[in-house]
Amino acid sequence: MRVLVTGAAGRVGANMVRRLRAAGADVRAMVLPGDPQRAKLDGLDGVEIVEADLGDQSAVDAATRGVTHVVHLAAQLVRGDTPVDRFYDVNAFGTLRLLEGVVKSGGVERFLLASTDGTYRPGDPPLVPLPEDAPQVPADYYGTAKLLGEVILRNHAVQYDIPFAITRFATVLDPAEARRYFRVASVRTMLRRVELGRDSNIWPLFRQNPELAELFDDAVGDAADDVAVGLTGPDGPWSIHLLDVRDAVEGLYLALTVPAATGRAFNITAAEPTTFEDGADVVAELDGVPRLSVRLPLTWRLEMAVDAARDILGYRPRHDFRAMVESAIAAESGGTGATDSFVPARI
Ligand SMILES: NC(=O)c1ccc[n+]([C@@H]2O[C@H](COP(=O)([O-])OP(=O)(O)OC[C@H]3O[C@@H](n4cnc5c(N)ncnc54)[C@H](O)[C@@H]3O)[C@@H](O)[C@H]2O)c1
């Protein structure tokens, strides 16, 4: 197996490259020209690093030459100052360019695309939990561009007989990132996305409730940023599905290699969602910080069904939120993590 991994210096990519090497695959790791994060791939045997921008067809063509499998992770994720058309150019047309490269190179045994829960309208999910056949009606540029990537892949797969699979991830975190979750600072940052207006990927959450950030600030007062905080609404606690990057790469590996995955999409996430109350309990207990709970006028739940990945791929995620935080604490104190090692999202 000779695998092209795009986005190889990213949060998921650097971990996937190592997962593939552990399975004995040869890896071609595609990184953005000049990306300082490529240092994450330093010193790995059996890994060829190529620089290519998904906007550059000839570079993409060269990257696809001679590979048997593609794991397509490269994407534009963060809005910030990013022009809107870049989401479409990278996530939709970049996927098209990669597929064109694959066709010119004579095809592959499997093309695996990483997609997202963002294609299901995360700010106003149509179902709880979301199965793979839930309506995909995203409300922002990122989700829409990722969905277009899925559609373009399905089209090319039919036209050129490309065996494919799609993984739709929940929020992917490395353990160090998880450790910052369910705290005053991180919840405030999430609720302040209201200030981005319709540039936020969860803007429908704020449509009827523009005051969530203010209510939160009033409730927590001058509590320190690292204080643990749960959120509850009239229909129970808020919840979110988080995915440890180590489980993300297991899901990818299975979707790449299990024959029955061909032609299907799979939600990939933790075995269970985490409520904001349970998450705050874990943070307070493991980090010894005070614990608050805030009541808000609605309940937001972003949860995915993982039955298809479990039943068809044999996917068994091993890291719930507690395990992620334990890994982060162990890694910080010089250990290798509670279960296995990971490459942090940024170095
Ligand atoms: N992180 C999440 O919470 C999350 C959730 C759902 C789905 N996903 C999907 O998983 C995949 C991996 O995400 P991640 O968290 O590792 O993201 P990341 O931002 O850490 O990595 C993405 C990589 O893509 C590269 N890239 C961006 N534009 C490029 C271009 N024009 N040409 C070549 N490379 C380019 C970046 O340099 C980066 O290394 C993405 O497809 C993303 O849409 C991520």
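For this chain, numbers begin at 1 and follow the sequence in order. Atoms within each ligand, like the ligands themselves, are counted from 1 in listed order.
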| Which atoms of ligand 1 have any heavy atom of D53 under 4.0 Å away? |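 In order of number, 30 (C), 31 (N), 32 (N).
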| query | Which of the atoms in ligand 1, numbered in the order shown and given with their element, are less than 4.0 Å from a heavy-atom of A170? | reply |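 Selected atoms, number and element: 5 (C), 6 (C).
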Heavy atoms only, cut-off 4.0 Å: how does [X] contact ligand 1, side chain, backbone, both, or neither?
X   : value
R86 : side chain
A52 : backbone
V90 : side chain

Suppose we measure from [atom] to each protein heavy atom; which comes out shortest, and what is that distance?
atom                    : result
atom 35 (C) of ligand 1 : L32 CG, 3.6 Å
atom 7 (C) of ligand 1  : S115 O, 3.2 Å
atom 10 (O) of ligand 1 : F169 CD1, 3.5 Å
atom 1 (N) of ligand 1  : R11 NH1, 3.4 Å
atom 27 (C) of ligand 1 : A75 O, 3.3 Å
atom 32 (N) of ligand 1 : L54 N, 2.9 Å
atom 12 (C) of ligand 1 : L73 O, 3.5 Å
atom 39 (O) of ligand 1 : G10 N, 3.4 Å

| message | Distance to the ring centre below 6.0 angstrom and angle to the axis at most 45 degrees; does that hold for R310 and Y315? | response |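 The answer is no; the distance or angle limit is not met.
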| Geometric class of the W300/W238 ring pair [parallel <30°, tilted 30-60°, perpendicular >60°] |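 W238 vs W300 ring planes: perpendicular.
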| message | Salt bridge check, R188 against D225: does any charged N sit closer than 4.0 Å to a carboxylate O? | response |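 Here D225 pairs with R188 in a salt bridge, since their nearest N and O are under 4.0 Å apart.
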| F111: hydrophobic cluster co-members (side-chain, 4.5 Å) |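 Its cluster mates, by chain and number, are L4, M30, V50, L54, V60, V67, V70, V90, F93, L96, L98, L99, V102, V103, V108, L113, I152, L153, Y160, I162, F164, I166.
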| task | Tell me yes or no: between the side chains of R322 and T274, is some donor less than 3.5 Å from an acceptor? | result |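 Result is no, nothing qualifies.
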| query | Distance only, no hydrogens: is a donor on one side chain within 3.5 Å (strictly under) of an acceptor on the other, for D199 and Y141? | reply |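 Yes, Y141 and D199 have a side-chain donor paired with an acceptor closer than 3.5 Å.
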| said: Could you check whether any side-chain heavy atom of Y120 comes within less than 4.5 Å of a side-chain heavy atom of N267, counting everything from C-beta outward? | reply: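 Side chain of Y120 against side chain of N267, heavy atoms only: contact under 4.5 Å found.
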| message | Does atom CD (E272) have a neighbourhood of more than 12 heavy atoms from anything else shown, all under 6.0 Å? | response |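 No, CD of E272 has 12 or fewer neighbouring heavy atoms, counting only those of other groups under 6.0 Å.
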| query | How far apart are the closest heavy atoms of A170 and T269, and which atoms are they? | reply |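 What the structure gives for the nearest pair is CB-OG1, 3.2 Å.
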